[in-house]
Amino acid sequence: MADDSPVIKEIFIDARPEDIFPYLTESGKYLQWMGLSAQLDARPGGVFEVDPNGRDVIAGEFLEVVPPHRVVFTWGWKEPGHPVPAGSTRVEIELTPQDGGTLLRLTHRGLSGQIREKHEDGWTHYLARMRALLSGGEPGPDPYADPAHRHG
C-alpha cells in the first residue's frame, strides 16, 4: 500500500517570521532559494507559478495568506499527463516564533507513492537552501535548477 500521509518538514531558521514571510510570497525573494522564474500573487485566488529548472512548471493558486505566520497554496505540474496535475495538491507553511528565530513547518498534502518520496526529497533540498539564505549564508548554485534534473 502506498504511503499517502502528508509530507511534513520542520526546520528552525535564525530569523523572525516577518523576515521569512516575503521569501514565501514575493517572486524576487522566492527565486533566491527556489526556481529560475516565478509569478506569485500572494492573495487568496492569486497565482502561484514557479519554474524550477527551465523545463517543468509548478502551478497552483494561493488559498490563504496570513502575514507573517501562514501561507497555503495549491501545487502541481503544468506538464500534460503529469501524475500531480497543476493545483491538485496543497502546501501549508506555518511560521512560529521560537527561541529568537522561527520554526517553519511545511505540510504537503495529496501526494502518494514514489511522487510523495520525490517531493519529500525536493522539500528537504529547498528548505535547506532557504535556511542557508535566511541565516545569513549563501545557498550557492542549485543543482536542481539543471533542466536534466527531473522533478516530481
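Predicted model only: the values in this text are computed from it and were never measured.
One hydrophobic cluster holds both Trp123 and Ile11 under the rule that ILVMFWY side chains link at heavy-atom gaps under 4.5 Å. Residues Tyr126 and Ile115 share a single hydrophobic cluster, defined by chaining ILVMFWY side chains whose heavy atoms lie under 4.5 Å apart.
Remark: Glu49 engages Lys78 in a salt bridge (charged side-chain N to carboxylate O under 4.0 Å, His left out) (not counting sequence neighbours). Judged as a side chain to side chain donor-acceptor pair (under 3.5 Å), and not counting sequence neighbours, the contacts of Arg70 are Glu64, Glu94. For Phe62, the ring pair (Phe, Tyr, Trp, His ring centres under 6.0 Å) test picks out Phe48, Phe73, with sequence neighbours left out. Every residue two or more places apart in sequence or in another chain that forms a side chain to side chain contact (heavy atoms under 4.5 Å, CB included) with Leu63 is listed here: Glu61, Val72, Thr74, Arg90. Thr102 meets the side chain to side chain donor-acceptor pair (under 3.5 Å) test with no other residue; sequence neighbours excluded. Applying the side chain to side chain contact (heavy atoms under 4.5 Å, CB included) test to Ser135 and every residue at least two apart in sequence or in another chain returns Ile13, Asp14, Arg131. Remark: Asp121 engages no residue in a side chain to side chain donor-acceptor pair (under 3.5 Å) (not counting sequence neighbours). For Gln114, the side chain to side chain contact (heavy atoms under 4.5 Å, CB included) test picks out Lys118, with sequence neighbours left out. Residues passing the ring pair (Phe, Tyr, Trp, His ring centres under 6.0 Å) test with His69, sequence neighbours excluded: none. Contacts of Asp51 classified as side chain to side chain donor-acceptor pair (under 3.5 Å), with partners at least two apart in sequence or in another chain: none.
Across every non-hydrogen atom of Ile20 and Leu104, the tightest pair is CG2-CD1, 4.5 Å. Nearest heavy atom pair, residue Met34 against residue Val50, reads O-CG1, 4.3 Å. Heavy atoms only, all atoms of each residue included: Ala132 and Pro139 are closest at CB-CA, 4.2 Å. The minimum heavy-atom distance linking Leu36 with Leu31 is given by the pair C-CD2, 3.7 Å. Here the closest heavy-atom approach between residue Pro22 and residue Glu18 is recorded as CD-O, 3.3 Å. A pairwise comparison of heavy atoms in Asp99 and Phe12 identifies O-CZ, 4.0 Å as the closest pair.
Side-chain atoms of Arg129 and Asp142, non-hydrogen and from C-beta on, do get closer than 4.5 Å to each other. Using a 4.5 Å heavy-atom threshold, the side chains of Asp4 and Arg116 count as separate. The shortest side-chain heavy-atom distance between Val65 and Phe21 falls under the 4.5 Å cut-off. Side-chain atoms of Glu120 and Leu111, non-hydrogen and from C-beta on, never get closer than 4.5 Å to each other. Looking at heavy atoms from C-beta onward, His108 lies in side-chain contact with Thr89 at the 4.5 angstrom threshold. Within the 4.5 Å cutoff, the side chain of Tyr144 has no heavy atoms near those of the Asn53 side chain. Two residues are said to be in side-chain contact when any heavy atoms from C-beta on lie closer than 4.5 Å; Val7 and Thr107 fail this criterion. Contact annotation: the side chain of Leu106 approaches that of Val91 to within less than 4.5 Å [non-hydrogen atoms, C-beta and beyond].
For the atom pair Leu133 CG and Gln32 CD, the distance stands at 5.5 Å (nearest 0.5 Å). Rounded to the nearest 0.5 angstrom, Ser88 OG and Arg109 CZ are separated by 15.0 Å. The structure places CZ of Arg16 at 12.0 Å from CG of Leu134, a figure rounded to the nearest 0.5 Å.
Between Trp77 and Trp75, the angle of the ring planes goes over 60°, which puts this pair in the perpendicular group of the 30/60° scheme.
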Next on the checklist: Using salt bridge (charged side-chain N to carboxylate O under 4.0 Å, His left out), reason through Glu92 and Arg105 one step at a time and then give a plain yes or no.
Outcome noted: CA-CA 8 Å; Glu92 303 166 14; Arg105 179 181 172 101; over 6 Å; no

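Within the structure, every pair that satisfies the salt bridge (charged side-chain N to carboxylate O under 4.0 Å, His left out) test and touches residues 36-45, not counting sequence neighbours, is listed here: Asp41-Arg43. Every pair tested for salt bridge (charged side-chain N to carboxylate O under 4.0 Å, His left out) that includes a residue from residues 21-31 fails, sequence neighbours excluded, so the list is empty.
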